[in-house]
Protein chains: 2
Amino acid sequence: MSEKTMDLRRVGLKVTHPRLQILRLLEQTDPERKHLTADEIYRLLNEQGEEIGLATVYRVLSQFEQACLVRKHMFDDGSGRPMQACYELHDGDHHDHMVCLETGDVIEFVDEEIEERQREIANRHGYDIVEHSLVIYVKPKKSA
Amino acid sequence: MSEKTMDLRRVGLKVTHPRLQILRLLEQTDPERKHLTADEIYRLLNEQGEEIGLATVYRVLSQFEQACLVRKHMFDDGSGRPMQACYELHDGDHHDHMVCLETGDVIEFVDEEIEERQREIANRHGYDIVEHSLVIYVKPKKSA
DNA sequence: ATTTATGCAAATAGTTTGCACACGT
DNA sequence: ACGTGTGCAAACTATTTGCATAAAT
């Protein structure tokens, strides 16, 4: 029994073809390209001959999100075009994101100093942090 | 001639009633409540007897955004409900946001240490920062 | 056999746009 | 008068939902 099958069982979801395929896709994609929109997932799967409806993709992703199998992000690329949610496999660890506006690459990072300062700021104002989201939008450095 | 009128002239927009009213609203609201959605602006203005269409509110806000008179944010309150853009007057200075999930209050802050670390991280990966967005989602501390 | 998933099409929510009229300059 | 801006209604996009069928346990 595959690992994916167990993942699904563990979170109480039936092991169906669409769910396995979506998991597979999210696992396969390479590091800088593993943040996919619902539509990308839909398109990629159908290109590979898997006939899976867009509604199913959305439903499955939102179930996965609730089950903490995936994380959902809203990267506002600032560029005005309509914003789409994108999803990545949930690896357990928290990390922030750096999005390259030219290539669309997404680099993940963690900086303990930044994390600490955030806690301090929240604390100073009498709050506890529930969550936070840090996205740095970047462009490749023009090396002279 | 009012300050608002000059703001509009300066960015090349005609001085119209809807634009003045929207500016006024954004200026008047108190610090923790000055991040308004298009719909809130529409509703507030109409409650005050200003008959301004929702489409106009959207159009004006997006013109203001391009003119750097306002900033647009997408606060994903995590809670699953549909996400709406919200707008605040652009004061020139950059700042990050802390959103209270219980009251909806928005606290602004800047931390030079965090800013610096971000530059460092981008730099280390060969990127220049174009922009960044840091939102801390918090809940009031339960004081024992 | 029973429960849960799926696909399709229709619904929804936020936002945008076309067009005829009204307003600012 | 001229060029913009506005309001309304209709269009659009991302996402969700109702329902009849199909698949998983």
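All of these numbers come straight from a predicted model, not from anything done at the bench. Residue numbers start from 1 in every chain, and the chains themselves are labelled A, B, ... in the order their sequence lines are given, proteins ahead of strands.
Checked against D/dA14, C/dA9, C/dG14, the side chain of A/Gln84 finds its nearest nucleotide in D/dA14. The listed nucleotides are C/dT6, D/dG5, C/dG14; the one nearest the side chain of A/Val60 is C/dT6. Distance from the side chain of A/Tyr58 is smallest for D/dT16 among the nucleotides D/dT16, D/dT6, C/dT16. With C/dT16, C/dT15, D/dT6 as the choices, the nucleotide that has an atom nearest any side-chain atom of B/Leu54 turns out to be C/dT15. Listed nucleotides: C/dT25, D/dG7, C/dG14. Nearest to the side chain of B/Arg9: C/dT25.
Each of B/Val15 and B/Ala85 was assigned the nucleotide of DNA chain C with the nearest heavy atom; the assignment lying further toward the 5' end belongs to B/Ala85. Map B/Tyr42 and B/Lys14 each onto its nearest nucleotide of DNA chain D; the residue landing nearer the 5' end is B/Lys14.
As rounded to whole Å, 7 Å separates atom P of D/dT15 from atom NZ of A/Lys72. Regarding B/Asn46, its CG atom lies at a distance of 13 Å from the C1' atom of D/dC8, rounded to whole Å. Note: CG (A/Leu13) to C1' (C/dT3) measures 14 Å, nearest angstrom.
Taking 4.0 Å as the cut-off between side-chain N and carboxylate O, B/Asp128 and B/Arg119 do not count as a salt-bridged pair. Classification of B/Asp30 and B/Arg33 as a salt-bridged pair fails, no side-chain N sitting under 4.0 Å from a carboxylate O.
Judged by distance alone, with hydrogens and angles left aside, A/Arg59 brings a side-chain donor or acceptor within reach of the base of C/dG7, the pair sitting under 3.5 Å.
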| request: Show the numbers, then the answer: is there a side-chain hydrogen bond (donor to acceptor under 3.5 Å, both in side chains) between A/Glu88 and A/His97? | output: CA-CA 12 Å; A/Glu88 68 171 323; A/His97 295 88; 3.1 Å; yes

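Listed by chain and residue number, A/Ala55, A/Thr56 satisfy the side-chain contact (heavy atoms from CB on, under 4.5 Å) test with A/Arg59 (two or more places apart in sequence, or in another chain).
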